[in-house]
Structure formats: C-alpha cells, structure tokens
Peer 1: 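Handing you a structure now.
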Amino acid sequence: MKIKELAAKLNISPRAIRFYEQKGLISPHKQEHNLYRTFTEKEVWRLQTIISLREAGMTIEDIKAALPQADEEDQEDTEQLQYYLEMQRSIIFSQWLELKQIIETTDTMIDLLKHQPTLPLDGIFLLAEGSKRLRETRKNWSDKWNFDHQAQTHDNNVTNNDREYKDYEKALQLTADWVAPKAGERGLDIGTGTGNLAAKFLDKGISMAGIDQSKEMLKHCGRKHPQMELKLGNFLAIPYLDGQFDFLVTSFALHHISDEQKVLALSEMRRVLKPHGRICITDLMFVNEAHKEQYIADLEQLGKNDDIQMIQNEYYAMSSLLLNWFEENGYITKHRQLNELLTIVYAVPIR
DNA sequence: GTTCTAACA
DNA sequence: TGTTAGCA
C-alpha cells in the first residue's frame, strides 16, 4: 500500500505519515527504484495506534517512548491491543484528573467572586498557580513513564541500597504475613516492578495480578513470574473493572505520587477491590510533618545532602494521615514501623 | 498523476 | 503539520 492510499484509509495527510517517520515512530520499507514508501498491514495497525494516542493527548515523544520499537514488535496482536488500550486508558484518566482539578479551581474562583466583587489578586494567582502545577504534574508524569531503563538493574539496586531499601526482604515478608491470603483469593500488586512482593504470594499458590508503569519492568517481571497476570497501569488508573480483588498490596511505590494524587489513588484502590477487600501499603513514610522535619534536620547535621535530595524528590506519605483516612472510611488499621522510614500500613474494612 | 525531499510557514 | 517548489 502506498502513502496516499494509507492516508485516505486513516483519514490523515500523507505529510503527517512522513512526519511520523521523520520522528522515528515508524520506518516503512522503501522501494529500491523510486524510494516510494510501502506499508504493510502491521504498519497500518501501528499508525492507527499512534493516531489514537495522539488523540488521547500523548505527545510524539511520549508515544515514541511508550510504543515498542519496530524491530522488537513481535508479540501477539491481542497482547499488543490490550497494551495499547491500557495505555490509552491511563492517559485519558490522567486528563480527566486534570480537568477535574481545573473545574475545582474554577469553582473556587466563582465562589470567591460571589463574596468579593473585586477580582481578588490572590485568587487570580491561585488560578495561575493551579494550572501551572497541572502542567508540571503532567510533565513529571511523562518523565516517570521512562522508568524503563531501571528494569534490568532494579533487583541489584534493591539488595545493595541499604538506605532506601533497608529491611526490604523483611518488609515484603511481613506484608505477605499480614495479608494472610487464603486459597482461592486473588490479589493485586500495584507498582509491582520485578514482582518481588507478588512472589511472596505466588509462592503460597495465590493468584496474583500486577501493574506497573514501565513495560520493561513488566517484561522482566513476566520472565521471573510467568504465572502472574501483568498489565500496564498505575495508582491513578488501575486497569481493572470494579470489585476484582480480595486484597491489594503495594510496596515502595506510593511515594511516587503526590499527596493530592494519593487521595485519588486510595479511592481507585477501593474501586477495584471486592467489598471486603483489604489493603496493605508498604513504603517509606514519615509519621507526620514533625517527624519529617526532624528527620531532615538530622540529615543536615550529618551533612547527608544526597539523602535530603532524595526525600525532597519524592512524596513520602505521612502514616498518620494514611491511617486517619482509612479509619474515617470504615477500616480497621494496623501498622508497624520497621525502621526510621519504612512502614507497613494494613487496613481491613469493618464488617 | 503520484511520490520524494527540502524549506518555509 | 500544512504548503509549496522542483524532480523523477
């Protein structure tokens, strides 16, 4: 198939197709004599996906990073389709979140205007600040899409890094012990990475699903644990229908999302859980703000600037807030602090 | 008539 | 991405 025919089929301009090629999204074969591009069915499919993702608001760069490179595109079609759809869902979901936040900001403005007929300066500031933050959030999001390169070295990283991953093994084991899965139950591990936490459950013969932002991580995980059901996704867009799991675990992942997002993540977690589904969150967290300040102050004393950097680059949760949220939402909680930061929070709904 | 590259909008 | 030019 030549370019014009393809363009008509996809309802885009030939120029757009060449443009995608120029950006490295596709690499169609070219005829020897005239250098005309020829497209196969597979490339039509790929292009269709690119167009969809564009419509879903993804930038060319993001698509390039997320789409498998042409030379390694050998997987099953259904698997590919599922992957694409999940990716789209998470993008649309994040856009929905942004819109929702913009609406909230606007509402705030409207409300402000009701009482203060003069356009309050700080109100405008608030609006501008809000949309700026949204853009930053989006940028961070796409940055974090590229967790991929860490996939191979992750396990090494975990066992050797006694700072961030201190008591790693112990924490995972305890998480599994607390959840105490029963035969026949089904669990979900969010931010599963290479599946180290999920493995604790798989070993007991428990059926596990896992989601992660990085497809490389998932590949690696799939090799390690072929029994696991793996999908691309994240806290804010769990690619499952409502009420699918008996329990949900997550380790060393919650700190990747901001505090506002955590609230949304919690409701998203509840959505995919069965009515009495339990949640276990294992991650680095502070008890409260005071703890955080004290901790940072201590690090300053010791001149450990790298550690301070690390903390400020992530969003460590406050365990007290987390526990509060659970209790206010009808859960009985239990928690343990394994070391200065590493904490396990377990929540079971009240029957 | 179609496609290509390049350059500019 | 659209448009246009100059080719094959």
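Any value given below was found using the heavy atoms of this structure, including those in side chains, with hydrogens, waters and symmetry copies removed. Order of the sequence lines fixes the chain letters, A, B, ..., with proteins taken first and strands second; residue numbering starts at 1 for each chain.
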Peer 1: Counting only N and O atoms by type, is there a donor-acceptor contact under 3.5 Å from the side chain of A:Thr250 to the main-chain atoms of A:Ala253?
Peer 2: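 Such a contact is absent between A:Thr250 side chain and A:Ala253 backbone.
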Peer 1: When you look at A:Thr333 and A:Glu327, which way does the side chain to side chain donor-acceptor pair (under 3.5 Å) test go after all the steps?
Peer 2: CA-CA 7 Å; A:Thr333 65; A:Glu327 279 156 21; 2.7 Å; yes
Peer 1: Are the charged groups of A:Arg186 and A:Asp246 less than 4.0 angstrom apart, N to O?
Peer 2: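 The answer is no: the pair does not qualify as a salt bridge.
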Peer 1: Donor-acceptor pair, A:Ser320 side chain versus A:Val287 backbone, under 3.5 Å?
Peer 2: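 Pair found, side chain donor or acceptor close to backbone of A:Val287.
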Peer 1: Name the first nucleotide and the last nucleotide along DNA chain B (5' to 3') that come under 4.0 Å of a heavy atom in chain A.
Peer 2: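 Result: B:dT2 to B:dA7.
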Peer 1: Using a 3.5 Å distance criterion without hydrogens, assess whether the side chain of A:Arg37 forms a donor-acceptor pair with backbone atoms of A:Glu21.
Peer 2: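 Here the side-chain-to-backbone pair does not exist.
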Peer 1: Do A:Glu216 and A:Lys219 meet the salt-bridge criterion of a basic N to acidic O distance under 4.0 Å?
Peer 2: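 Yes, charged N to carboxylate O under 4.0 Å.
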Peer 1: Side chain of A:Ser319, backbone of A:Met285: donor and acceptor closer than 3.5 Å?
Peer 2: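 Between the backbone of A:Met285 and the side chain of A:Ser319 there is no qualifying donor-acceptor contact (under 3.5 Å).
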Peer 1: Check A:Arg46 with A:Glu43, please: is the shortest side-chain N to carboxylate O separation under 4.0 Å?
Peer 2: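 No, no charged N to carboxylate O under 4.0 Å.
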Peer 1: Please say whether the positively charged group of A:Lys2, taken as NZ for Lys or CZ for Arg, lies over the ring of A:Tyr36, i.e. under 6.0 angstrom from the six-membered ring centre and within 45 degrees of the axis.
Peer 2: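 No, A:Lys2 does not sit over the ring of A:Tyr36.
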Peer 1: What residues from residues 12-20 of chain A pass a heavy-atom cutoff of under 4.0 Å to DNA chain B?
Peer 2: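 When residues 12-20 of chain A is checked for heavy atoms under 4.0 Å from DNA chain B, the hits, listed by number, are A:Arg15, A:Arg18.
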Peer 1: Starting at atom NE2 of A:His33, determine the distance to atom C1' of C:dC7, rounded to an integer number of angstrom.
Peer 2: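 From A:His33 NE2 to C:dC7 C1': 16 Å.
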Peer 1: Between A:Tyr36 and A:Glu21, which is nearer to the 5' end of DNA chain B once each is assigned its nearest nucleotide?
Peer 2: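 With A:Glu21 and A:Tyr36 compared, the 5'-side residue is A:Tyr36.
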Peer 1: Which dot-bracket notation, 5' to 3', represents the base pairing of DNA chain C when pairs are defined as Watson-Crick or G-U with both distances under 3.5 Å, crossing pairs as [ ], and inter-strand pairs as |?
Peer 2: ||||||.|
Peer 1: Could you tell me the separation between the CG atom of A:Leu47 and the P atom of C:dT1, rounded to a whole number of Å?
Peer 2: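 In whole Å, C:dT1 P and A:Leu47 CG are 11 Å from each other.
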Peer 1: Exactly one of A:Gln261, A:Gln213, A:His256, A:Glu268 should register a side-chain hydrogen bond (donor to acceptor under 3.5 Å, both in side chains) with A:Asn234. Which one does?
Peer 2: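 Among A:Gln261, A:Gln213, A:His256, A:Glu268, the one that satisfies the side-chain hydrogen bond (donor to acceptor under 3.5 Å, both in side chains) with A:Asn234 is A:Gln213.
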Peer 1: Starting at the 5' end of DNA chain B and moving along, which residue's nearest nucleotide shows up first, A:Lys30 or A:Lys4?
Peer 2: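 The residue closer to the strand's 5' end, by nearest nucleotide, is A:Lys4.
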